[in-house]
Number of protein chains: 2
Amino acid sequence: MPRPTGPPIGLTLARTAKSVSRAFDDALAAAGGSLPVWLIMISLKTRSLGNQRELADAIGIRGATLTHHLNAMEADGLVTRQRDPANRRIHQVALTQRGETLFGRLAAAATEHDRRLHADLSKEDIATLERLLHRLQSNVGSEVPEATAGSDA
Amino acid sequence: MPRPTGPPIGLTLARTAKSVSRAFDDALAAAGGSLPVWLIMISLKTRSLGNQRELADAIGIRGATLTHHLNAMEADGLVTRQRDPANRRIHQVALTQRGETLFGRLAAAATEHDRRLHADLSKEDIATLERLLHRLQSNVGSEVPEATAGSDA
DNA sequence: ATGTGACCGTTAGATAACTAACGTTTGGCT
DNA sequence: AGCCAAACGTTAGTTATCTAACGGTCACAT
């Protein structure tokens with residue numbers, strides 16, 4: 001009995017994520033950025049996203065929050081927003097030269113953070129962790145079992 | 001090569017924690033509470049905490065934020081705050097009868113959430129996950145290796 | 001007894017996320 | 001042609017957290 005009603009796994013998960021995210025954000029702040037800015041940039045670089053909504057979904061925030069960050073980034077000269085001529089509802093977001101420069105610095109900080117995070121963990125450990133985290137996510141995803149008995153709502 | 005520069009583990013961790021916390025908070029909201037309220041209550045019930053600062057540390061928030069929640073909970077008649085006669089700096093926080101009742105409902109919701117979260121995971125899986133999460137936390141904890149070469153601060 | 005420093009909790013102000021409602025644009029249907 | 005529903009992004013307002021500064025209380029030394 002290794003878990004005699006100890007702290008629930010959800011609580012440990014939340015605390016760990018808070019610590020790790022905090023440390024990551026600090027590292028990015030030291031490089032002149034922040035966690036959301038980094039997520040936006042890396043999504044712009046790697047994925048080919050059609051619109052801002054997909055971008056927001058990709059980094060796990062709401063559309064309104066993304067607008068907020070893009071406003072700040074545009075004011076800082078990191079990105080540009082242009083209407084798509086073919087579909088004027090869509091804003092095409094692109095990194096400026098200055099944005100590319102900052103991306104380089106943040107990438108270095110992110111790599112360093114990841115190195116530190118892995119530290120003594122083996123590749124199998126990381127793979128196992130990823131697998132378990134995905135299981136947790138799918139367990140709370142949309143599993144609303146309404147096939148039990150009665151609709152007691 | 002199972003991780004060809006895929007999403008960093010820190011990102012997966014953050015997303016999973018967000019989803020799970022969100023789901024948990026929704027479940028608690030349906031029972032008439034919230035995640036911080038639940039954490040405060042369970043800490044009051046289980047641990048024997050000397051003061052509010054320890055309470056805040058136990059649930060991972062700042063003292064000022066705890067004050068905010070306790071104000072709301074006191075206004076709702078869930079807890080009482082009294083000065084410790086032996087040490088008037090300390091506020092003794094206690095659950096009222098109404099607080100106990102809500103605690104019961106939230107405990108049921110939390111148990112249900114935990115059951116759903118575990119779902120197909122074995123005890124070994126949970127133990128492994130806990131171990132890996134603790135490793136991550138300690139890796140970013142306060143590991144400031146200043147024994148490398150020069151003090152470039 | 002009195003002054004100094006530390007501890008505890010609160011208050012004030014800033015920051016960042018969310019939800020809800022809105023204006024614009026598009027495409028299909030009548 | 002004109003209308004209506006849907007999609008996209010922005011704006012407005014709320015909520016929750018943090019940091020910094022403050023007032024009250026205690027222990028200890030002088």
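Computation of the quantities below employed the complete heavy-atom set of this structure, encompassing side-chain atoms and omitting hydrogens, waters and symmetry-equivalent molecules. Chain letters run A, B, ... following the sequence lines, proteins first, then strands; residues in each count from 1.
In this structure, the side chains of B:L102 and B:L95 stay at 4.5 Å or more apart for every pair of heavy atoms. A heavy-atom distance below 4.5 Å is found between the side chains of A:N71 and A:R81. A heavy-atom distance below 4.5 Å is found between the side chains of B:L44 and B:L55.
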Can you give the donor-acceptor pairs under 3.5 Å from side chains of residues 62-70 of chain B to other protein atoms, not counting sequence neighbours?
from: B:T67; atom 1: OG1; to: B:G63; atom 2: O; distance (Å): 3.2

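Side-chain polar atoms of B:S122 and B:D125 form a donor-acceptor pair below 3.5 angstrom.
Contacts of B:I61 with the nucleic acid, taken as non-hydrogen atoms under 4.0 Å apart, involve only primed sugar atoms and P, OP1 or OP2. Using a 4.0 Å heavy-atom cutoff across all strands shown, A:H68 reaches no nucleic acid atom at all. Across all strands shown, A:R22 has heavy atoms under 4.0 Å from sugar-phosphate atoms exclusively, and none from any base.
For A:R81 and D:dT10, the shortest distance from a side-chain N or O to OP1 or OP2 is below 4.0 Å. Between A:R53 and D:dA7 there is no side-chain polar atom (N or O) within less than 4.0 angstrom of OP1 or OP2. Residue A:Q52 places no side-chain N or O under 4.0 Å from the OP1 or OP2 atom of D:dA7. B:T65 has a side-chain polar atom (N or O) that falls below the 4.0 Å cut-off from OP1 or OP2 of D:dC18.
Rounded to an integer number of Å, the gap from CD of B:Q92 to P of D:dT25 is 16 Å. One atom, CZ of B:R88, and another, C1' of D:dC26, lie 12 Å apart when rounded to the nearest Å. Note: CZ (A:R83) to P (D:dA7) measures 17 Å, nearest angstrom. Between the CG atom of B:D25 and the C1' atom of D:dA16 there is a distance of 11 Å, rounded to whole Å.
One end of the helix from C:dA1-D:dT30 to C:dT30-D:dA1 points its axis 10° away from the other end's axis, with each axis taken from 5 pairs and the angle rounded to 10°.
With DNA chain C read from its 5' end, the first of the two nearest nucleotides for A:D84 and B:L70 is the one closest to B:L70. With the nearest nucleotide of DNA chain D identified for both B:G60 and B:P85, B:G60 has the one nearer the 5' end. In terms of position along DNA chain C, the nucleotide closest to B:L66 lies nearer the 5' end than the nucleotide closest to the other residue of the pair B:L66 and A:H69. Between B:A64 and A:I90, the residue anchored closer to the 5' end of DNA chain D is A:I90, taking for each the nucleotide with the nearest heavy atom.
Protein chain A contacts DNA chain C from C:dA17 to C:dT26, reading 5' to 3' and using non-hydrogen atoms of the protein with a distance under 4.0 Å.
Using cut-offs of 30° and 60° for the angle between ring planes, the B:F103 and B:W38 rings count as parallel.
The backbone N or O of B:A109 lies less than 3.5 Å from no partner atom in the side chain of B:H113, so there is not a single donor-acceptor pair. A donor-acceptor contact shorter than 3.5 Å is absent between the side chain of B:D84 and the backbone of B:Q92.
Of the candidate nucleotides D:dT25, D:dT10, D:dA20, D:dT10 has the atom lying nearest to any side-chain atom of A:T67. The side chain of A:N51 approaches D:dC8 more closely than any other nucleotide in the set D:dT10, D:dC8, D:dC18. Of the listed nucleotides (D:dA12, D:dA6, D:dC26), D:dA6 has the atom at the smallest distance from the side chain of A:R89.
Around atom CZ of B:R88, no more than 12 heavy atoms belonging to other residues, nucleotides or ligands sit under 6.0 Å away.
Here the closest heavy-atom approach between residue B:N139 and residue A:H118 is recorded as ND2-O, 3.8 Å.
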